[in-house]
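Shown next, in structure tokens, is the structure this report addresses.
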There are 2 protein chains.
Amino acid sequence: MTTKEKILETAITLFAERGYNDVSVRDITREVGIKESSLYNHFSSKQKILEAIYEDLIKNFETATVSEEVIARMIEKMTPEEFLTLSAENFDRYLGDPRLIKIWRIISIERFRDERANAFFKKYLIDNALEYQSKVFDIMMKKGLIKAHDPRVVARESYAFMIFIYFRYLEMEKEVDIKEVKQMVLEHMKFLSSALQK
Amino acid sequence: MTTKEKILETAITLFAERGYNDVSVRDITREVGIKESSLYNHFSSKQKILEAIYEDLIKNFETATVSEEVIARMIEKMTPEEFLTLSAENFDRYLGDPRLIKIWRIISIERFRDERANAFFKKYLIDNALEYQSKVFDIMMKKGLIKAHDPRVVARESYAFMIFIYFRYLEMEKEVDIKEVKQMVLEHMKFLSSALQK
DNA sequence: GTCTATAGGAGGATAGAC
DNA sequence: GTCTATCCTCCTATAGAC
């Protein structure tokens, strides 16, 4: 690992623990094993480190995003159970990536003082997901696979639970019991399935 | 309003906007209209102001808490619809109290660096409410008023939505459209009612 | 109870030698 | 690319006059 990478990874760990403001350049360089002044050979300011972390996440999103077309074709073939299982699996993948969890935790902390972080969180972790799920439920209703409802209402019922889990376990617990969380998500999917059954 | 009260109210407003760390004693005293040194005649440190705010909230909780017995008797008489309507009304009352919203927002921000704030939030805004709702649904199931389920699962389905609303609208928006939020809560209650109907 | 003046410390950042 | 030395700014808090 290069010094620059070491700085970035250390910053991610420390920012996720205490937030950007409560971590000093001194804290980072002490952990990395260099002097403060040496850091400025790799990043021109402390702020640039944070921006590099944000860009890391954006890159991650860009590579992970699937085209509208592909999504549309996938949905056409899926049953409600398959869709809910897929959602749960996506969440599980997130739970298995500690570095990604750390970066989202930084966004969580920073969103109170940084409008950019707040907007990013809102868009990528909430509103886009709600819109997507809304489309899926709409198609399923039109195909007569589930009970007729306002699809946006059903999408909120489905996804609000995920946000609750994020809030209560990922943000509020130091150590997450992944098995327990997966169980709760499973129970939610079951409840929703039965509520949507015709 | 005494100077001490002015300091407290100003601190609540500023801490809710930017968090404890990003508000200096200078910021507070500038707003109040006194010099920094004068503040120390009313609070022995900046930290004590935050603690006074926490105590304010705790006092609020103590006066608002109803005994287990009263709750038990209330539940016995309630239909599921009445209970869900009551929950929505409690939430509306919160939405109508800007000072209380500010204080909870401070707790929201501070929970990432202050374990006490985190524990407080977890207990009073989430776990106690979940436990309470769980008891209510259990009684209703035993009385045959709603479909049989694990009452804890139903309580999560019911309350996770409230936390989602808190997260997405109270924490993430500068200006909350209260009418829109009330509408979403209403739609949630309707969905849940129909899902629990025998 | 308010003021002026200042202490004492931590933070981000730069200059310049090696 | 790393180091030592240092700068400047902002912060919380205190001393002591009025």
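The sequence lines fix the lettering, A, B, ..., with proteins before strands; numbering per chain opens at 1. Bear in mind that the values here come from a model prediction, so they are computed numbers and not experimental data.
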- A:Q47 has an atom CD; how far is it from atom P of C:dG12, in whole Å? 11 Å
- Rounded off to whole Å, could you give me the CG-to-P distance for the A:L50 and C:dG12 pair? 13 Å
- For B:E5 and C:dG1, give me the distance from atom CD to atom P, rounded to whole Å. 12 Å
- With no angle test and no hydrogens, is the base of D:dT12 tied to the side chain of B:S45 by a donor-acceptor pair under 3.5 Å? no
- Message: Would the distance check show the side chain of A:R111 and the main-chain N or O of A:S108 forming a donor-acceptor pair, the cut-off being under 3.5 Å?
- Response: yes
- Item | Centroid-centroid distance, B:Y159 to B:Y132, less than 6.0 Å | no
- Message: Given C:dC3, D:dA13, C:dG12, identify the nucleotide with an atom nearest to the side chain of B:Y40.
- Response: D:dA13
- Query: With respect to the side chain of B:S24, which nucleotide from D:dC11, C:dG11, C:dT14 is positioned closest?
  - Reply: D:dC11
- Between C:dC3, D:dA13, D:dC3, which one does the side chain of B:K35 approach most closely? C:dC3
- Message: Between P on C:dA5 and CD on B:E36, what's the gap in Å once rounded to a whole number?
- Response: 13 Å
- Does B:R26 make a side-chain N or O approach to OP1 or OP2 of D:dC11 shorter than 4.0 Å? yes
- Item | Whole-Å distance separating the NE2 atom of B:H42 from the C1' atom of C:dG1 | 6 Å
- Task: Flag the pair B:F43 / B:K4 as yes when at least one side-chain heavy-atom distance between them is below 4.5 Å, and no otherwise.
- Result: yes
- Message: Under 4.0 Å from OP1 or OP2 of D:dG1: is there any side-chain N or O of A:S38 that close?
- Response: no
- Message: Would you call the rings of A:H188 and A:F161 parallel, tilted or perpendicular, taking 30° and 60° as the class edges?
- Response: parallel
- Task: Whole angstrom is fine here: how far is it from CG in A:N21 over to C1' in C:dG12?
- Result: 12 Å
- Looking for any heavy atom pair under 4.0 Å, which part of the strands does A:V23 touch: base, sugar-phosphate only, or nothing? sugar-phosphate
- Length of the line joining B:I49:CD1 and D:dC11:C1', which is rounded to integer Å: 14 Å
- Report yes or no: is there a donor-acceptor pair, N or O only, under 3.5 Å between the side chain of A:S37 and the base of D:dC3? yes
- Message: Please report the distance, rounded to the nearest Å, between CG in B:D22 and P in C:dG12.
- Response: 13 Å
- Query: Got a sec: does the NZ of B:K147 have more than 12 other heavy atoms crowding it under 6.0 Å?
  - Reply: yes
